[in-house]
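To start, the structure under review is shown below, and the notes come after it.
These figures come from a predicted structure and were not determined experimentally. Only heavy atoms go into these numbers, but all of them, side chains included; no hydrogens, no water, no symmetry mates.
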Amino acid sequence: MNEDSSRPPAETIFHREFADNAVLQALFGPHHGNLEHIERELGVALNARGNTVAISGSAQSVADARQVLDGLYDLARRQGHIETADVDAATRMARHAPGPDGDVVIRTRKRHIAPRTPVQASYIQAMRDQALVFGLGPAGTGKTYLAVAKAVSMMMKGEVDRIILSRPAVEAGERLGFLPGDLKEKVDPYLRPLYDALYDMLPGDQVMKKLTSGEIEVAPIAFMRGRTLANSFIILDEAQNTTPVQMKMFLTRMGEHSRMVVTGDLSQVDLPAGQRSGLDEAITVIGEMEGVSIIRFTDRDVVRHGLVTRIVRAYDRVERERRAAEAGEGR
């Protein structure tokens with residue numbers, strides 16, 4: 001007998017039993033809110049009774065739900081609670097195939113950092129495999145944070161001797177000469193996000209020790225001129241605010257056995273009107289040459305507060321409408 005091709009796929013039912021009822025309270029969430037979230041995202045039905053969860057749906061969705069539940073259960077056991085962002089991350093990653101070695105977790109002294117989106121996983125793999133990586137996309141996607149984490153991880157393993165963190169010092173039309181203090185005091189506020197990421201990865205005393213010894217250096221891009229940076233992990237943040245000359249200078253600082261990550265958001269360029277972004281030019285000139293990866297984040301990869309995602313999408317929508325209107329006027 002021929003099968004009816006219009007018939008829906010057979011439903012799979014799997015019963016997952018968990019050992020610790022106390023951990024399950026965190027896993028399920030208030031009024032089983034986390035389970036409802038997983039149901040919506042993965043298209044499964046979850047029925048919890050005691051310490052057992054019945055999962056029903058297509059074979060693939062059941063397998064995805066099992067992966068999510070197991071991962072969140074382990075997370076709840078380690079940290080004692082589950083945030084909505086954790087559930088979001090787990091469901092988004094459920095269908096993502098890991099890299100060849102199956103490991104996209106970054107391990108630092110203070111924390112282990114797993115990707116929250118498939119693009120973040122690709123970004124981590126690229127930083128592991130390629131000499132030069134461009135991370136492009138909106139705020140809140142983890143571009144800089146993950147790069148600093150990878151740099152610290154490689155230093156801990158002895159794979160690099162130094163970490164160099166840099167970004168343009170002048171942004172949004174401000175001028176350093178108008179700020180009080182010496183050069184370091186003027187520049188440090190622009191570099192604060194890089195310091196914050198470092199303190200998230202390493203104990204404070206180790207950060208200070210490595211900054212003092214020069215093993216970690218945080219400096220504006222102007223300080224890179226004339227240097228060759230070997231055996232280093234080099235990060236340029238907010239690269240959309242570099243000029244083409246600055247970007248070329250920075251990219252050619254890479255020495256032997258070094259890695260370089262350049263991050264930026266081309267929708268947030270603060271250069272004077274008519275000045276092309278060095279990041280934009282670099283993407284055009286370098287393209288996908290061997291040894292280079294370009295990872296593009298979108299609003300789907302925003303891992304901050306959910307409102308941030310909606311803000312990014314709203315601005316993107318207005319920008320698209322503006323460009324469409326300008327194109328219409330030019331006809």
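Side chains of Leu236 and Thr263 form no contact here, defined as non-hydrogen atoms less than 4.5 Å apart. Side-chain contact check for Ile113 versus Met201: some heavy-atom pair is nearer than 4.5 Å. The closest side-chain heavy-atom distance from Ile38 to Leu72 is below 4.5 Å. The closest side-chain heavy-atom distance from Leu165 to Leu198 is below 4.5 Å. Residues Val262 and Thr242 are not in side-chain contact: their nearest non-hydrogen atoms beyond the backbone lie 4.5 Å or more apart. When side chains are defined from C-beta on, Thr284 counts as touching Arg276, because their heavy atoms get closer than 4.5 Å. The shortest distance between side-chain heavy atoms of Met247 and Leu251 falls below 4.5 Å.
In summary, the side chains of Tyr145 and Asp200 do present a donor paired with an acceptor at a separation below 3.5 Å, with no hydrogens or angles considered. A donor atom on one side chain and an acceptor atom on the other are not found under 3.5 Å apart for Ser166 and Arg253.
Distance alone, capped at 3.5 Å, is enough to place a donor-acceptor pair between the Ser232 side chain and the Ala230 backbone. Of the possible donor and acceptor atoms, one in the side chain of Gln246 sits under 3.5 Å from a partner among the backbone N and O of Thr243. With hydrogens and angles ignored, the 3.5 Å screen pairs no side-chain donor or acceptor of Lys248 with any backbone N or O of Gly278. A distance-only check finds a donor-acceptor pair linking the side chain of Asp86 to the backbone of Glu83 [under 3.5 Å]. Gln240 contributes no side-chain N or O that, together with a main-chain N or O of Val269, makes up a donor-acceptor pair within less than 3.5 Å. Between the side chain of Ser153 and the backbone N or O of Thr108, no donor-acceptor pair lies under 3.5 Å. Here the side chain of Arg259 pairs a donor or acceptor atom with the backbone of Arg128 at under 3.5 angstrom. Side-chain atoms of Lys143 come within 3.5 Å of backbone N or O of Pro138 as a donor-acceptor pair. Ser277 places a side-chain N or O within 3.5 Å of a backbone atom of Leu279 that can act as its donor or acceptor partner. Judged purely by atom type and a 3.5 angstrom limit, Ser258 uses its side chain to pair as donor or acceptor with the backbone of Asn231.
Phe233 and Tyr199 fall within a single hydrophobic cluster, where Ile, Leu, Val, Met, Phe, Trp and Tyr are joined by side-chain heavy atoms under 4.5 Å apart, directly or via other members. Hydrophobic clustering, with ILVMFWY side chains joined whenever heavy atoms are under 4.5 angstrom apart, keeps Val245 apart from Ile221.
Between Asp70 and Arg16 there is a salt bridge, since a side-chain N of the basic residue sits under 4.0 Å from a carboxylate O of the acidic one.
Not counting sequence neighbours, the partners of Asp88 by the side-chain contact (heavy atoms from CB on, under 4.5 Å) test are His37, Thr84, Arg92.
Within the model, atoms CG of Leu27 and CG of Leu35 stand 6.0 Å from one another, a figure rounded to the nearest 0.5 Å. Atoms CD and CG, from Gln25 and Asp20 in turn, are 9.5 Å apart once rounded to the nearest 0.5 Å.
Note on ring orientation: taking the six-membered ring where Trp is involved, the planes of Phe297 and Tyr123 are perpendicular (angle over 60°, cut-offs 30° and 60°).
Crowding of Arg40 atom CZ: a count of heavy atoms from other residues, nucleotides or ligands under 6.0 Å exceeding 12.
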Report, one line per pair, each donor and acceptor closer than 3.5 Å where one atom sits in a side chain of residues 202-215; sequence neighbours left out.
residue	atom	partner	partner atom	Å
Gln206	OE1	Arg109	NH1	3.3
Thr212	OG1	Met208	O	2.8
Ser213	OG	Lys209	O	3.3
Ser213	OG	Lys210	O	3.2
Ser213	OG	Glu215	N	3.3
Ser213	OG	Glu215	OE2	3.0

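Just one of Gln60, Arg66, Gln67 meets the side chain to side chain donor-acceptor pair (under 3.5 Å) condition when paired with Asp64; it is Gln60. Ile55 pairs in a side chain to side chain contact (heavy atoms under 4.5 Å, CB included) with only one of the listed residues (Ile13, Leu42, Thr12, Leu46), which is Leu46.
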